[in-house]
Structures are given as C-alpha cells and as structure tokens.
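Quick notes on the structure that follows.
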Amino acid sequence: MSKHYPLLVGASLAVAVLATAGCNPPGARAAVASDSSAAAKSYVPPGEKDEFYLFYSGGHSGQVYVAGLPSMRHISTIPVFAPYPATGYGFDEESKQMMGRFTWGDVHHPGLSQTGGKYDGRWLFVNDNANNRIARIDLRDFKTKQILGPIPNSSGNHGSSFVTENSEYVLVASRFSVPLPKGRYADPSAYKSEFNGMVSGIKVDPANGTMAVGWQVLTPPFNWDLGSTGKGPSSGWAFWTSYNSEMAHDTLEANSTQGERDYAAIVNWRAAEQAVKDGKATMLDGVAVLDPAKVAGVIYFLPVPKSPHGIDTDPSGRWIAASGKLQPVTSVFDFEKIQKAIAAKAFDGDVRGIPVIKYEAVIEGEIPVGLGPLHTQFDGKGNAYTSLYVESAVAKWTLPPWNAEQKKNLNSIVTDKIPVHFNIGHLVVGGSDTKEPYGKYLVAMNKLSKGRHLSVGPSQPESSQLIDITGQKMAMLYEAYTEPEPHFAQILKADAIAPIEVYPKAENQHPKAAWDATQTGVTRTGNKVEVKMVAIRSRFLPDKIEVKAGDEVTIHVTNVEQTTDMIHGLGIIEHDMNVVVDPGETKTVKFVAGKPGVYPFYCTNFCSALHQEMQGYLAVKP
Ligand code: K7E
Ligand code: CUA
C-alpha cells in the first residue's frame, strides 16, 4: 500500500476515513496492558537474549532488518539490493556482480524456507518489487547469496515471496503487466489486448537453495497482489489476490475500483509443473510458459470483494481469508468447497479461458472486521488477526467451523480489536504461514508514525508495534521505529538456527586467499596489478602498494582471524572504496588507481587497541 489515504472510496468509507482521524489522535494510548506489565513482557535485560528473530523488510531501502522479539531491538541489517558500507556490501566484486546493474531494490515480503510445512531455518527469500528480482539470504551466516532476475516476462515482482511446504518453489506474481516478451513496444491504450501478467514458479535446489525460473503461467493484465501457499488439503495450490480486473491502464485510482469484485487466482502449481513436464508449455524469453486458455486445470479465478490486497491460508490449509480494502469485510473461503466446485464445474463463465468459480459455492462467510482490511495472520489456536488500514486497528476473529448461532451473527466472531498507530499495513504472527504457528506475539507494521516520537523533521520513520496475543484480549506491549519501510516480516524461533560466527579456514575456497606473509604479494601483468593481502590485528600485509596512475588494481584481502567479531575493513582514501572482511573470509576489490599521489588506506572496523595503527599506503606514481 502507498502511504496515501484512498481518495476515491465509497461514500461511507470516505466518511469513516475522516472519522477515524478523530478516534486515534496522535499520542493515543488505548489498550496498553498497563505500563509496568507491558514493560516487563517486552523487557530483555542487558546481556540476555531474545526468544525470536524478527526479519523485516526494509522496503525501498533495499535491505532486510533483523530485530529480536520481544525486545524489538534492531540487531543487524542484511544488505540485499543496495550497497551498504557498514558491511562493505556492494564494494567487493562478488557482491557487485550479484547486484548486477542496479543499486537499489524494493524489498516487500520475506519468506522463510520450509520443510514439512514448518520453518527449517535454512534460507530467507525476499523479493524486489522494483527490478523484478528475488534474493536468497543464507541463515547460516546471514548473508545474501543469490539474486535472481530480472525475472523474464514479469514486471513488478510484488506478489512474492511465497514458499511452498518443502521449499520446492518460491511462487511469485507480477504486479504490473507489460507487452511480452519484455522489450516489445505496445501503446498502453492497447492494455487489454497487448499486455499480460504472469505467475512464476521459482525452483529452489533442495541441496543448496540455488534458484532458477522453473515455469510461468500467463494471466490477463490484472495487477497481482499478495498471495500465500497451500498446505494440508490445499497442498500443491497457491493463491493471489488482484486489483484492476477492470484492466484499466490509466487513473487506476478511479478506473480500477469500478467493479464490486476483483479476482483471486487459485493456482494448482503441481498441475503447472506436470503440464510443463508433459510438454504443454511454449518457450517465451527462455522460460516454459503455460497459456491457461490451452492448458486446463492450472489456474482458476475466484471473485473477491472489492480491490483485495491480501489472501492468507490458515495453518490447517482449509480456510483462505481474503480482504477487500474498499469493503469492510474479510471473506473466508473453504478450500474443500473450492475443490468440490472445481470438480462439479460450478463456474460463472470464464475470463480468457480461465474458469471463474462461483463465489456462493465456496464462501464460508464475510466477516465484518472493520475498515480497510488488508492482511490476515493466524495463531494456530483458531484465531485470525486482520490488519485494518483505514481504521488503524487489528481485528481478532474466530476461524470456522462456526456453530449455528455464530453463523447467524458473524459480528459475534469478531472477538477483539486493538488500535495501532497509525494506518497498519502488514502484520505478522510467528509461523502464521506454517502448520504450527508460535502465536504469542503479533507485530503490527504501521505506515505512519506521526507524532509518536521525537520529531526528526519531515522524513518520518515507520512504527512497528508489539502486541501480546496470548490472552483473550490483545495487549499493546511496545513500539519501535523502523526504517522505511517494513512491508512484511517473518518471525523465527531463535533456537531454530545456529549461525556460524567465523568462516572456518578450511572452508575458504577463494583461489587468491593468503593466510600468512609468505602467501602475500604484488604482481604486475601489463597495467594490471594484483595484490594478495592479509588483514590481521593490527596490520595489513603488505602495507605498501606501489602502482602507476591508470593501473587496474585488484586486491584480494583475507581476514585470517578465527575469533568471533574480529572484523577488519579496508578503506582507501579518495577511491570510494571500503570492503569489510569477516573472520576467515577473502574478498576481492577492483579499482583504477587515480591521480598520482600517495593514498593512505586503513582498517575501517575498530578491531583492537592498535586499530588506529592498522594502515598502509597506496603509492600512485605518475
Ligand atoms: Cu505486502 Cu506493503 Cu507490498 Cu500490503 S504490501 S501493506
Ligand atoms: Cu583491523 Cu581495525
């Protein structure tokens, strides 16, 4: 969601938007458990550790942030799509190559790898909405290991990153539609006939996590939005909402909000995989693409009210909750009914050969959650939590099956509501997308924080709020300010992983690694100078490098330490160069020696009492 209030909504909603401003004046403190009990519940004393990791997206900062729960303390930043001098990311050759020709990305939805429908603690996948990419972070060392993309035939990788039960795939869908293959020109006024969207299966190598584009399913030019993968009865399926089923190409604010319902996509990814194996795909820009008009059984549409944003599968895999941001209800669908409807062909016609499942045949109930519902999370105890953007609140409600009385009065299944500050987008409950959620905490990721913190001028941070969901009533525990802009997050039990603290020397495969003075050196071939360098407390070997102006200089620097937290950096004065090397790691930097002169280089990471002395000279001769 953008930060803007929807301007063109139904009259009642518009009134509500105005009214809610009064309900939550800046500084409102409703529903805080009590200051001292809330403080105790989120307090992690100095020296003690948190119970959970919180991995949250850094939006257009291009990074992923790591905090602890319940303290909400920021622990680390994992650079992914943008350079980050603090860890030297984007300066060395390896990370530069991975980032390709881009210097930023728009991180939206982190997804943890799973085995058997539970987090396995191996990888974290994140998408880049801006440059159609997806990245894999290894949780062994919290480093970005692969960036895949731009994904062919797909524009705006927003409906991403949804990991299947055994990490067979990360499933992604395009937010924007473009003429295909990419690079072809068509006027946007020919949107309906010339533009297409795409659902993609990104195949994950189970041995090492390496991603590759597996196959794609062509769709009409709807704007695919959030999704989720199935489990249990819905195993092998995936779901996305869309907006703009009107297929408008301009003034979407008005033109894409005409219809009472948009479509969710119900995708049988196992059937798609099989159809590709059976040779039913056509190659387009190097990818096997299925045209659902020709290949039946791969994708269905389901009407969802109105301009939906999120769709979430509950831990049992039977209930699918989708929210229309312009209608104050969350629709709950029964996947068993969806299967029956497909078998019985209970369709309301089709859109471009894609059958439209009858809404009435599969809807279990429309829950009156409140205004501007977006995303839903589950605690594994039969409760669902839906974020209400317009209302600035989280609604708690009871999943089906419902008794006759509850069915008659769906108001009664909304059991609690808590205000958040302000305009919540995503929310996360630990393990909500697995078969066994942790429950316990909910983190609300709010789009606006106006007036909640010391003023820092016009550029305001976002606020993320920690809510206790162990009781009948939700209780506000804590609020933290986070860099723009957390869209979604994942929570992982701290003991589910055991990250390494140094790179074992035996593992270092870098061909130019140097471990002692005898392995270091400077070699010249023509105008190319190659340096093998050791960094150790508290010196560089060699600490004098002589080159000529215009030489192409390559430095391979090995941090030979095998001690936790003994990190060295190599910053070169006036060369826009800083590389940071972890214990046991070798990194390569390349640059052209500048104007003649003597350029000091120094260690940028405070490593010892003699850190300041850890320096040398790059002497550039005329
Ligand atoms: Cu998942 Cu912000 Cu990309 Cu909703 S989006 S709020
Ligand atoms: Cu090495 Cu400071």
Side-chain angles (χ1 to χ4, degrees), residues 1-6 56-60 88 105-111 126-130 156-162 172-176 223-228 240-243 307-312 322-325 372-377 386-390 392 394 420 422-428 433 443-448 462 464 482 484-490 533-541 543 557-561 563 565-571 578-583 585 601-616:
M1 287 283 294
S2 78
K3 281 192 174 185
H4 305 286
Y5 288 98
Y56 59 102
S57 75
H60 44 284
D106 189 0
V107 174
H108 277 245
H109 310 109
V126 292
N127 60 318
D128 168 15
N129 178 47
N157 184 33
H158 184 249
S160 173
S161 322
F162 308 113
V172 310
S174 57
R175 172 176 170 190
F176 304 112
N223 294 56
W224 294 109
D225 215 339
L226 263 284
S228 69
W240 283 270
T241 55
S242 72
Y243 56 97
S307 300
H309 182 45
I311 187 163
D312 296 279
S323 298
K325 44 189 195 276
L374 298 180
H375 304 288
T376 298
Q377 294 277 285
T386 300
S387 57
L388 305 173
Y389 174 79
V390 175
S392 284
V394 174
V420 292
F422 301 95
N423 297 93
I424 181 172
H426 274 275
L427 73 182
V428 62
D433 53 348
V443 176
M445 283 161 269
N446 309 312
K447 299 301 185 191
L448 302 178
E462 323 296 347
S464 295
T482 45
E485 120 163 29
H487 290 272
F488 186 47
Q490 296 267 271
M533 182 186 265
V534 156
I536 186 169
R537 276 167 286 169
S538 301
R539 61 189 299 194
F540 292 108
L541 300 165
D543 62 359
V557 51
T558 302
N559 177 350
V560 303
E561 311 277 358
T563 309
D565 215 8
M566 275 309 139
I567 296 165
H568 300 291
L570 172 65
N578 175 43
V579 65
V580 178
V581 195
D582 292 350
E585 193 179 32
F601 57 79
Y602 69 103
C603 176
T604 48
N605 211 293
F606 209 109
C607 52
S608 71
L610 295 172
H611 151 81
Q612 205 72 352
E613 283 74 3
M614 192 166 170
Q615 63 153 61

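Here the structure is a predicted model, which is why all the values come from computation and not from measurement. Counting starts at 1 for both ligands and their atoms, following the listed order.
In this structure, OG1 in T604 is found 7.5 Å from CG in L570, a value given to the nearest 0.5 Å. Taken to the nearest 0.5 Å, the CE atom of M445 stands 9.0 Å off from the NE2 atom of H375. Interatomic distance, CG of N578 versus SG of C603, reported as 9.0 Å (0.5 Å rounding).
Side-chain contact between P484 and H60: present, with at least one pair of heavy atoms (C-beta onward) separated by less than 4.5 Å.
Contacts between N129 and ligand 1 below 4.0 angstrom, taking non-hydrogen atoms only, are absent altogether.
When distances from atom 3 (Cu) of ligand 1 to the N, O or S atoms of H108 are compared, ND1 comes out shortest. The N, O or S atom of H611 with the smallest distance to atom 2 (Cu) of ligand 2 is ND1.
Less than 4.0 angstrom separates some heavy atom of G425 from each of these atoms of ligand 1: 6 (S). Proximity to H109 (heavy-atom distance under 4.0 Å) selects the following atoms of ligand 1: 1 (Cu), 3 (Cu), 5 (S). Remark: ligand 1 atoms within the under-4.0 Å shell around heavy atoms of L226 are 1 (Cu). Those atoms of ligand 1 with a heavy atom of H375 less than 4.0 angstrom away are 1 (Cu), 4 (Cu), 6 (S).
The backbone N or O of W224 lies less than 3.5 Å from no partner atom in the side chain of S242, so there is not a single donor-acceptor pair. Under a 3.5 Å cut-off, the side chain of T558 and the backbone N or O of V560 do not form any donor-acceptor pair.
Side-chain contact check for H309 and D225: at least one donor-acceptor pair (N or O, by modelled atom type) lies under 3.5 Å.
Counting heavy atoms only, H158 comes closest to atom 3 (Cu) of ligand 1 of the residues H158, H309, H487.
Here S608 does not reach atom 2 (Cu) of ligand 2: none of its N/O/S atoms is less than 2.8 Å from the metal. One of the N, O or S atoms belonging to C603 lies under 2.8 Å away from atom 2 (Cu) of ligand 2.
Taking the six-membered ring for Trp, H158 and H109 have ring centres closer than 6.0 Å.
Heavy atoms of K447 come nearer than 4.0 angstrom to ligand 1 in at least one pair.
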